[in-house]
S.K.: 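For reference, the structure I am asking about is given below.
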There are 2 protein chains.
Amino acid sequence: MDRRQRKTREAIFSAFTRLIEKRPYHQITVQDIIDEADIGRATFYAHFETKEYLLKDLCDELFGHIVNTALGLPHGHEHYAGCRADESVFLHLLRHLQENDRNILALLSSQNNEIFLAYFKTDLKKLIRTQFADTGALKNSDLPTDYLVNHVSSSFVETVVWWLSHGMKEEPAVLAGYFETVMKTVI
Amino acid sequence: MDRRQRKTREAIFSAFTRLIEKRPYHQITVQDIIDEADIGRATFYAHFETKEYLLKDLCDELFGHIVNTALGLPHGHEHYAGCRADESVFLHLLRHLQENDRNILALLSSQNNEIFLAYFKTDLKKLIRTQFADTGALKNSDLPTDYLVNHVSSSFVETVVWWLSHGMKEEPAVLAGYFETVMKTVI
DNA sequence: CTGTTATCGTACAATCTGTTCGGTAATATA
DNA sequence: TATATTACCGAACAGATTGTACGATAACAG
C-alpha cells in the first residue's frame with residue numbers, strides 16, 4: 001500500500017475518532033471529517049464510499065483485533081503481553097479494553113455507543129460461538145444455541161457499557177466476577 | 001387539543017411508521033415524512049422540532065403504554081383483556097407484544113431496531129426497578145442493584161429481538177420459559 | 001356569528017452530498 | 001537516477017435537504 005494512502009487513511013480515522021468523541025455520530029458530516037483531517041474532498045471519497053463504510057472499516061480494525069487476541073490468533077501483532085493462561089476469556093477481554101487501545105473506550109462510551117456496540121457484539125458472537133457453543137461448554141442444551149450465544153454476547157457487551165458509564169470503578173477481575181455470577185446458569 | 005392538530009399529529013406518526021418499515025431510520029428525511037403524510041412543510045415543524053423528537057414522542061406513546069399496562073396502571077385505556085393474575089410480568093409483556101399494537105413489532109424488528117430498542121429498554125428499566133429491585137425480589141444482593149436491573153432489562157429486550165428475528169416461532173409461554181431459565185441466577 | 005389558529009403554498013438562504021476535471025507532487029520500479 | 005504511475009489537491013458543479021418566513025385560506029371553539 002502506497003505510503004500516501006496509508007497516511008491519508010490514518011488521518012481520516014484519526015479525525016473521525018476525534019470528532020466522535022465530541023458529538024454524536026449522526027451529527028458528523030463528511031464535510032466535518034474532511035475539514036478535521038485537512039484533506040481534499042475527492043480524496044475522502046477515493047478512500048471511503050460513505051461515512052458508514054468508514055465506520056465499518058474502523059470497527060473491523062478495532063474489534064477484530066481485540067477479539068482475535070482473545071482467540072489466541074495473531075493479528076499482525078504480538079500476543080497481548082499481560083495475558084495469563086488461566087484467566088477466562090472475559091477477564092482477558094476486559095483487561096485488553098482497560099488498556100484502551102486507540103481510545104476504543106471513548107468510542108464505546110460516547111453518546112453514540114449503540115452504533116459501535118452493534119459491531120462489537122457481532123464480533124463477540126463469533127468468539128462465543130467458537131469458544132463455548134462449538135466446544136459444548138454451554139449448559140441448558142435444551143434451549144436453542146442461537147439464543148444462548150446471543151444472550152451471553154449481549155450480556156457481556158452490556159456489562160462493559162455499564163462499567164464505562166460508571167467510570168470503570170471496578171477492577172477487571174471484579175467485573176468479570178459480576179458477569180460470571182449472572183451467567184452461572186448458562187456457562 | 002384542536003381536531004386539526006390531532007389529525008396532523010396522527011398523520012405524521014402514521015407516515016413515519018409506514019416509512020420506517022421500509023427503510024432505515026437514518027435514511028428517512030423530513031422531506032420524505034412530509035410527502036408521505038401529505039402535509040405542508042411548515043406544519044411538520046410546527047409539531048416537531050426535529051425528526052429525533054418525532055421518534056421520541058412516538059416511542060413514549062408506544063412503550064409507555066405497554067409498560068404501564070404491565071404495572072397495572074391505567075394509561076387512558078382499559079387493562080389488557082387477556083391478562084391473567086398469576087402470570088409473570090415477562091409473559092404479560094410478551095403476550096402484549098404479540099398483539100402487535102400499532103405495528104410495534106415492525107418497528108422493533110426493522111433494520112433500525114437499535115434506535116427503538118434504546119427507548120424500549122429505558123422504559124423497561126423503570127419497570128424492573130419498581131417491580132423487582134425495590135421489592136427485594138433480586139437475588140445476588142452483593143452485586144450492584146444498577147448492574148442487575150440493567151442486566152435483566154437488557155436481556156429481556158435481547159430475548160424479544162431474538163424472537164422477532166426468528167419469525168416469532170415460539171409461543172410467548174415458551175419464550176418466557178427460555179428467559180426465566182437464563183435468569184434463574186438473578187431473579 | 002366572530003375571533004382565533006392550524007394549515008397551506010411558496011419561497012428563501014444555507015448546508016451537505018457525490019462527482020468531475022486538470023494540474024501537481026510523491027512514489028515505486030527499472 | 002530516470003521514468004511512468006498514481007494519489008492528492010482545489011475548484012467547481014448540480015441536486016437534495018434543512019429550517020424559517022410570509023400572507024392567504026379554511027377549520028375550529030365559544
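Chain letters run A, B, ... following the sequence lines, proteins first, then strands; residues in each count from 1.
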S.K.: List in chain and number order the residues that pass ring pair (Phe, Tyr, Trp, His ring centres under 6.0 Å) with A/His166, two or more places apart in sequence or in another chain; answer none if no residue qualifies.
M.R.: A/Trp162
S.K.: How bent is the helix from C/dC1-D/dG30 to C/dA30-D/dT1, measuring the angle between the end axes built from five pairs each, rounded to 10°?
M.R.: 50°
S.K.: Under the ring pair (Phe, Tyr, Trp, His ring centres under 6.0 Å) test against B/Tyr147, which residue among A/Tyr178, A/Phe179, A/Trp163 passes?
M.R.: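 Filter result, single survivor: A/Tyr178.
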S.K.: Test your reading of the model: is there a side-chain donor-acceptor pair from A/Asn100 to the backbone of A/Ile104, 3.5 Å cut-off?
M.R.: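 Checked: pair present.
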S.K.: Quick one: does A/His47's side chain get under 4.5 Å of A/Asp57's, heavy atoms only?
M.R.: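 Side chain of A/His47 against side chain of A/Asp57, heavy atoms only: no contact under 4.5 Å found.
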S.K.: Among residues 23-51 of chain A, which residues get a heavy atom nearer than 4.0 Å to DNA chain D?
M.R.: A/Asp38, A/Ile39, A/Gly40, A/Arg41, A/Ala42, A/Thr43, A/His47
S.K.: Counting only N and O atoms by type, is there a donor-acceptor contact under 3.5 Å from the side chain of B/Thr145 to the main-chain atoms of B/Ser141?
M.R.: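 Side chain of B/Thr145 to backbone of B/Ser141: no pair is present.
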S.K.: Taking only residues at least two apart or on different chains, which pairs with a member in residues 136-164 of chain B satisfy salt bridge (Lys or Arg N to Asp or Glu O under 4.0 Å)?
M.R.: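 Those involving residues 136-164 of chain B are A/Lys121-B/Glu158, B/Arg129-B/Asp146.
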S.K.: Ignoring hydrogens and geometry, is there a side-chain-to-backbone donor-acceptor pair from B/Thr130 to B/Leu127 under 3.5 Å?
M.R.: yes
S.K.: Is any side-chain heavy atom of A/Glu61 closer than 4.5 Å to one of A/Phe13?
M.R.: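 Heavy-atom side-chain distance check passes, below 4.5 Å.
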S.K.: Give me the distances for all protein-to-nucleotides 28-30 of chain D N/O pairs that come in under 3.5 Å?
M.R.:
residue, atom, partner, partner atom, Å
D/dC28, OP1, B/Arg3, NH1, 3.1
D/dC28, OP2, B/Arg3, NH1, 3.4

S.K.: Less than 4.5 Å apart, side chain to side chain, heavy atoms only: is that true for A/Tyr25 and A/Leu19?
M.R.: no
S.K.: Short question: side chain of B/Ser14, backbone of B/Glu10 - any donor-acceptor pair under 3.5 Å?
M.R.: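 Not a single qualifying donor-acceptor pair exists.
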S.K.: Can you give the first and last nucleotides of DNA chain C, 5' to 3', that have an atom under 4.0 Å from a heavy atom of chain A?
M.R.: C/dC16 to C/dT27
S.K.: Looking at B/Leu107, is its backbone amide N or carbonyl O close enough to the side chain of B/Ser110 to form a donor-acceptor pair, meaning the two atoms are under 3.5 Å apart?
M.R.: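 Looks like yes, one N/O pair under 3.5 Å.
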S.K.: Keeping the roles fixed (side chain from B/Asp32, backbone from B/Thr29), state whether a donor-acceptor pair exists under 3.5 Å.
M.R.: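 Such a contact is found between B/Asp32 side chain and B/Thr29 backbone.
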